Each structure stands twice: as C-alpha cells, then as structure tokens.
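Here is the structure we will look at.
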Number of protein chains: 2
Amino acid sequence: MTYSIKEVAEKTNLSIYTLRFYDKQGLLPFVSRNASGYRTFTEGDLHLLKTICCLKETGMKIADIRQYITYVMAGPRSIPQRQALLREHRQAIEVQQAAIQTNLKEIDRKLALYDAPNATHLVNQELAFVQHEKRANGLPNPFVLS
Amino acid sequence: MTYSIKEVAEKTNLSIYTLRFYDKQGLLPFVSRNASGYRTFTEGDLHLLKTICCLKETGMKIADIRQYITYVMAGPRSIPQRQALLREHRQAIEVQQAAIQTNLKEIDRKLALYDAPNATHLVNQELAFVQHEKRANGLPNPFVLS
DNA sequence: ATAAACCCTAGACCTAACTCTAGGGCAACC
DNA sequence: GGTTGCCCTAGAGTTAGGTCTAGGGTTTAT
C-alpha cells in the first residue's frame, strides 16, 4: 500500500504545503517518486515521517531534523551520531519541561490569588502598592483612574 | 529603587530591543517615563514583567498577553476575565505537556533501539524492509548504496 | 565643554516556518 | 475529448517575534 501526498497530509495533520516544504528542506529524501514524478509514500516512509513530527513537536529545528535524517539515510554506521543527536535533544526537552513546570506553578499562584474570597481586596492592595511606588519616585501614574 | 531599561534587560535575560519591542506591542503600559522620557521600572513593574515572561515562556502569544495586561490595567473589576484567560492558558499548557510526554516516549524508544546490543542488525532490518517496500511498488531506491 | 555611556523613536531588516500563486502536467470519468 | 481533480515546481508572500540602524537627546565624569 502506498499513499499520495494528499493522503499523507490527512494522516499526519500536516498540510500538503508543509510536506512539500519539508521535502524542499531535505527532510524527506527517502520518499520516492512514481513514473509521473508524484511523491509516493510507503508505510515505512510514514513511520519515519512520524519520527520527524515527533522531533518537530518537541521543538527541534528543521536544520537538526535534516541532520538526523541524513544520518538515517547513511545506514547503520551512523548509529552513534543518531544517539548523540537524540540524547542532546532529550536533554533540551527536559530543560524545557522543567521551565514550563516552574512557570505553571507561577500561573497557579496567580489563579489562586484570583480565586481567593478577598481577591478584589488583594488586587487593590497590589495596585495601591505599585501606585505608591510610582508616586514615591516622582513618576506619572499609568493606571486608568476609574 | 527604580531600574533603567539596561538593568531590567540584565535582570530578565530579555534584550533591550525586546523590552522596547514589548512596550511597542502594548505589553508594558504600566512602565512610567521620567522627565527625560526614559523608561523607569519600579519593583512592582518587574513583578508584572516576570508574569509576562512566564506567559511568554509557556507559549502565550503577544496578543493574548496584551489582553491580560489590559485586564490588569483595568483594576479588580477584570478579575473574572483574568481568571478565564489564565485558566484557558493553563489548559493549553497541559495539552502541550501531554504531547511532549508522548513524543518523549517515542524518542526514548528510538534511543533504546540504538542502545540495543544488536542495534546494527535491527537498523539493517528496518532498512531492508523499507527497500523491499519500494521495490514491491516499482519505486526507485532512494537510499545510498554503500 | 566635551567625551563616553546612556536613553529615545521610527522604521528597516531578519529568521523560521510555513502558505500560497502561477503555470503546467497527468488521470479518470462522462 | 473535455472537464475535474489530482500532482508538480519555482518562487513570491505571510506571520510572529524579534533585532538592528539612523538620527538625535541626556547624564556624568574629566
């Protein structure tokens, strides 16, 4: 079973444009063309494409994905390089995840503040503090005076 | 204590350019100017700026951050809107995190494959399968013949 | 009172990652 | 045999988020 570019677009949630763009960027050297020059994807191609999506969705840049694909095309000799690349990327993802966790905590703190029964009072206090700070430093008050 | 744009840039790891860009985008309406027209950040401003970074780093778009800041400038009356916005964003982050976890598992599967003692054999098998698929469908073999 | 080190704005420029258009070929039906 | 719906390429255009330049004011130390 093989797939046309349209079918692959539907299967992957990438647009046809994006698939062609990826090919232009050297991400799809493994995709063969039929006699009319049409891209023809096999099951194995879909598998590798899924790996590409996986790397893209975790924030890898196209240039680095191309490097990985180049290694894949070179056969088993490039396994060490593939490992190095993926391990480094894995590290980057972990850093990224940790940062998000920290930020998420901060957002939850804000949400808790807004959820408090005396939220209005607390927000007013903050506002008063900031306005006081401005006044104390001879700065204009940028807040809307309701 | 107040801070110049340069000091804030150093404290936040945003460039001076980015800070001015954010101001242009309406993210910093709370920052006052001194008599010479210089931006003058107070402690409270830094606090709110940190919230902005928090939202940015979790992938919120500038337009949405601007919306949040607009709510903040409007005072306590906008608490429900702020909650709605942050809750929606929180949801988005969770979705994003879940996707990353899924992809991370996939990457770990790849790494495990490459770590296997018979990695070369397994990779060769995959390669053979893909090449067979191409041949079976009358397609050219795109792989480098070493 | 001048040099060095800041600050400002407007607007041009850049980069990544698409997204679309124009112009043209192939394939299947009516 | 013509219309419809695919496919192709090259290359222009778009979007988001910066980054930089030019031209000019301010502040501080010498």
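Values reported hereafter were calculated over all heavy atoms of this structure, with side chains retained and with hydrogens, waters and symmetry mates removed. Residue numbering restarts at 1 for every chain, and letters A, B, ... go by the order of the sequence lines. Fair warning: this is a prediction, and the values are worked out from it, not measured in the lab.
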Atom [atom1] of [X] to atom [atom2] of [N]: distance rounded to whole Å?
{"X": "A/Phe21", "N": "D/dC8", "atom1": "CZ", "atom2": "P", "value": "16 Å"}
{"X": "B/Lys6", "N": "C/dA5", "atom1": "NZ", "atom2": "P", "value": "9 Å"}
{"X": "B/Ile62", "N": "D/dA16", "atom1": "CD1", "atom2": "P", "value": "10 Å"}
{"X": "B/Tyr17", "N": "C/dT15", "atom1": "OH", "atom2": "C1'", "value": "16 Å"}
{"X": "A/Asn34", "N": "C/dA27", "atom1": "CG", "atom2": "P", "value": "7 Å"}
{"X": "B/Asp64", "N": "D/dG17", "atom1": "CG", "atom2": "C1'", "value": "14 Å"}
{"X": "A/Leu19", "N": "D/dC6", "atom1": "CG", "atom2": "C1'", "value": "15 Å"}
{"X": "A/Gln25", "N": "C/dA17", "atom1": "CD", "atom2": "P", "value": "8 Å"}

Is [X] near enough to [N] that one of its side-chain N or O atoms lies under 4.0 angstrom from OP1 or OP2?
{"X": "A/Ser4", "N": "D/dC7", "result": "yes"}
{"X": "A/Arg20", "N": "D/dC8", "result": "yes"}
{"X": "A/Arg66", "N": "C/dA17", "result": "no"}
{"X": "B/Thr18", "N": "D/dG18", "result": "no"}
{"X": "B/Ser36", "N": "D/dT27", "result": "yes"}
{"X": "A/Tyr22", "N": "C/dC18", "result": "yes"}

Taking side chain as C-beta onward, heavy atoms only, is B/Arg66 less than 4.5 Å from B/Thr70?
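Yes - at least one pair of side-chain heavy atoms lies under 4.5 Å apart.
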
Donor-acceptor pair, B/Glu94 side chain versus B/Gln91 backbone, under 3.5 Å?
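Here the side-chain-to-backbone pair does not exist.
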
Starting at the 5' end of DNA chain D and moving along, which residue's nearest nucleotide shows up first, B/Ala35 or B/Ala63?
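Comparing both residues, the 5'-ward one is B/Ala63.
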
Do any of residues 38-58 of chain A sit with a heavy atom less than 4.0 Å from DNA chain C, and if so which?
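A/Tyr38, A/Lys56 - these, ordered by number, are the residues of the stretch whose heavy atoms sit under 4.0 Å from the strand.
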
May I have the step-by-step check of side-chain contact (heavy atoms from CB on, under 4.5 Å) for B/Gln96 and A/Ile100, ending in yes or no?
CA-CA 10 Å; B/Gln96 184 191 330; A/Ile100 291 178; 3.4 Å; yes

Answer with yes or no whether B/Lys24 presents, from its side chain, a donor or acceptor under 3.5 Å of a partner atom in the base of D/dG18.
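No, the side chain and the base share no sub-3.5 Å donor-acceptor pair.
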
Categorize B/Arg33 for me: base, sugar-phosphate, or nothing, with a 4.0 angstrom heavy-atom threshold over every strand shown.
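Here B/Arg33 touches the backbone only, sparing every base.
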
Quick check on the hydrophobic clustering: are B/Leu139 and A/Phe30 connected, directly or via other members, by side-chain heavy-atom contacts under 4.5 Å?
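Each belongs to a different hydrophobic cluster.
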
Evaluate side-chain contact (heavy atoms from CB on, under 4.5 Å) for B/Glu88 paired with B/Asp64, printing each intermediate quantity in order.
CA-CA 11 Å; B/Glu88 199 172 328; B/Asp64 290 345; over 6 Å; no

Any ion pair linking A/Arg39 and A/Asp45 (charged N to carboxylate O, less than 4.0 Å)?
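No, A/Asp45 and A/Arg39 are not salt-bridged.
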
Restricting to non-hydrogen atoms, name the atom on B/Gln83 and the atom on A/Tyr114 that form the minimum distance, rounded to 0.1 Å.
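Looks like NE2-O, 3.2 Å.
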
